[in-house]
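Following: one structure in structure tokens, then a few remarks.
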Amino acid sequence: MAPAVTDGSGDPRTARTRGRLREALLEACAERSLDRVSVADVVRGAGVGRATFYLHYDDLRALALDACAGPVREAVDALHAWDRTPPGPDAPPDELVALLADVRSRAAVYRSLLGPGGPLGDLLHRELRQRSIDELRRRRPGGSGHDLTASAVAGLFTGMLADWVHDRTDATPEQLAGRIWRNLLAVHAAAASHGQSTATAGPAAPLG
């Protein structure tokens, strides 16, 4: 995935300032939707001046994308938290369950960032799709249609997560993890049955 804005900075003061700005944004999003958060809100929460904000970010969306980098990385890793043989349909990775439990504990923040046009949904879909393509090509080099399978995986997970945090579906983190996992297995089984890929790690190896 693309590195976060903070990556590559050799100045610890820069890293600390950006970290404070990210945290201030996330705290603000816990109280109101992202489209109602202002630069003034963020700099006040971070304890820095407005000029300092613009030294690090062009606008709030750039900051929001940076703040989403961590959650996106955790989500992508959670869906790939297995080695050679994927867990069965009734045993989603523990990392996925833990991720969803964390999302529930910060539901207001995720609800704000996963709103219409929110940066988290777009970034999550894009990064998950690319990771899925990379994994499919690595694990199934002789397969085809990896791009379509990856699109389905990314859309399924992003959509189910968004509906959950917006209370459009009722499930515990454990229940949701199971439903997501079974659906991902079904996507790959369908792809394999249509000759889009050649599984090498079981009949329905999700995400590569």
Side-chain angles (χ1 to χ4, degrees), residues 1-8 19 22 25-26 29 61-87 89 91-107 109-115 117-141 143 145-166 171 173-174 176-188 191 197 199-202 204-208:
M1 64 179 290
V5 174
T6 51
D7 289 353
R22 291 196 303 272
L25 176 70
L26 295 177
C29 286
R61 184 169 181 82
L63 171 59
L65 286 171
D66 192 22
C68 289
V72 165
R73 181 172 58 251
E74 292 168 6
V76 172
D77 288 345
L79 289 176
H80 293 83
W82 52 277
D83 187 16
R84 296 183 61 84
T85 304
D94 291 339
E95 290 83 354
L96 177 57
V97 178
L99 169 73
L100 295 176
D102 180 63
V103 169
R104 166 150 287 186
S105 72
R106 295 188 292 164
V109 174
Y110 281 90
R111 192 175 300 120
S112 177
L113 298 174
L114 277 168
L120 181 54
D122 292 342
L123 185 61
L124 178 57
H125 187 281
R126 184 167 64 250
E127 300 297 344
L128 181 54
R129 182 181 185 277
Q130 187 57 56
R131 173 68 175 271
S132 296
I133 288 175
D134 292 343
E135 287 293 309
L136 284 163
R137 288 173 176 169
R138 181 176 70 85
R139 295 175 184 270
R140 308 174 185 176
H146 294 332
D147 54 341
L148 294 176
T149 302
S151 293
V153 165
L156 186 152
F157 179 76
T158 304
M160 292 182 73
L161 182 65
D163 282 348
W164 187 57
V165 300
H166 284 94
E174 294 79 10
L176 183 65
R179 293 172 187 174
I180 288 173
W181 195 248
R182 285 190 291 274
N183 275 279
L184 292 179
L185 289 170
V187 166
H188 283 269
S197 57
T200 58
L207 309 182

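Keep in mind it's a predicted model, so treat the numbers as computed, not measured. Throughout, numbering of the chain's residues begins at 1 and tracks the sequence.
The two residues Val103 and Val165 make their nearest non-hydrogen contact at CG1-CG1, 3.5 Å. Closest heavy-atom contact between Pro71 and Leu120: CB-CD1, 4.5 Å. Of all heavy-atom pairs spanning Leu99 and Ala75, the tightest one is CD2-CA, 3.5 Å. In this structure, Arg182 and Pro89 approach most closely via the heavy-atom pair CG-O, 3.1 Å. Heavy atoms only, all atoms of each residue included: Leu114 and Ala162 are closest at CD1-CA, 4.1 Å. Here the closest non-hydrogen pair linking Leu113 and Cys68 is CD1-SG, 3.9 Å.
Legend: residues meeting side-chain hydrogen bond (donor to acceptor under 3.5 Å, both in side chains) with Asp102, ordered by chain and number and at least two apart, are Arg106. In this structure, Asp94 has no side-chain hydrogen bond (donor to acceptor under 3.5 Å, both in side chains) partners at least two apart in sequence or on a different chain. Under the side-chain hydrogen bond (donor to acceptor under 3.5 Å, both in side chains) criterion, Ser105 pairs with no residue, sequence neighbours left out.
Distance NE2/His125 to CG/Leu161: 13.0 Å, rounded to 0.5 Å. Annotation: the span from Ile133 atom CD1 to Leu148 atom CG amounts to 9.0 Å, rounded to 0.5 Å. We find the CG-CE distance between Leu176 and Met160 to be 5.5 Å, quoted to the nearest 0.5 Å. Rounded to the nearest 0.5 angstrom, Glu95 CD and Glu74 CD are separated by 12.0 Å. The structure places CG of Asp134 at 8.5 Å from NE2 of His80, a figure rounded to the nearest 0.5 Å. Remark: Leu26 CG to Leu63 CG distance equals 8.0 Å, nearest 0.5 Å.
With contacts defined as side-chain heavy-atom distances shorter than 4.5 Å, the pair Arg129/Asp147 qualifies. The shortest distance between side-chain heavy atoms of Val72 and Arg126 does not fall below 4.5 Å.
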Item to complete: Just do the side-chain contact (heavy atoms from CB on, under 4.5 Å) check on Leu100 and Arg104 with the steps written out, would you?
Response: CA-CA 6 Å; Leu100 295 176; Arg104 166 150 287 186; over 6 Å; no
Discussion item. If you apply the rule side-chain contact (heavy atoms from CB on, under 4.5 Å), what do you find for Val76 with Gln130, and how did you get there?
Written reply: CA-CA 10 Å; Val76 172; Gln130 187 57 56; over 6 Å; no
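With respect to Arg131 and Glu135, a salt bridge is recorded, a charged nitrogen being found less than 4.0 Å from a carboxylate O.
With respect to Phe157, the side-chain contact (heavy atoms from CB on, under 4.5 Å) criterion is satisfied by exactly one of Val187, Asn183, Leu96: Leu96.
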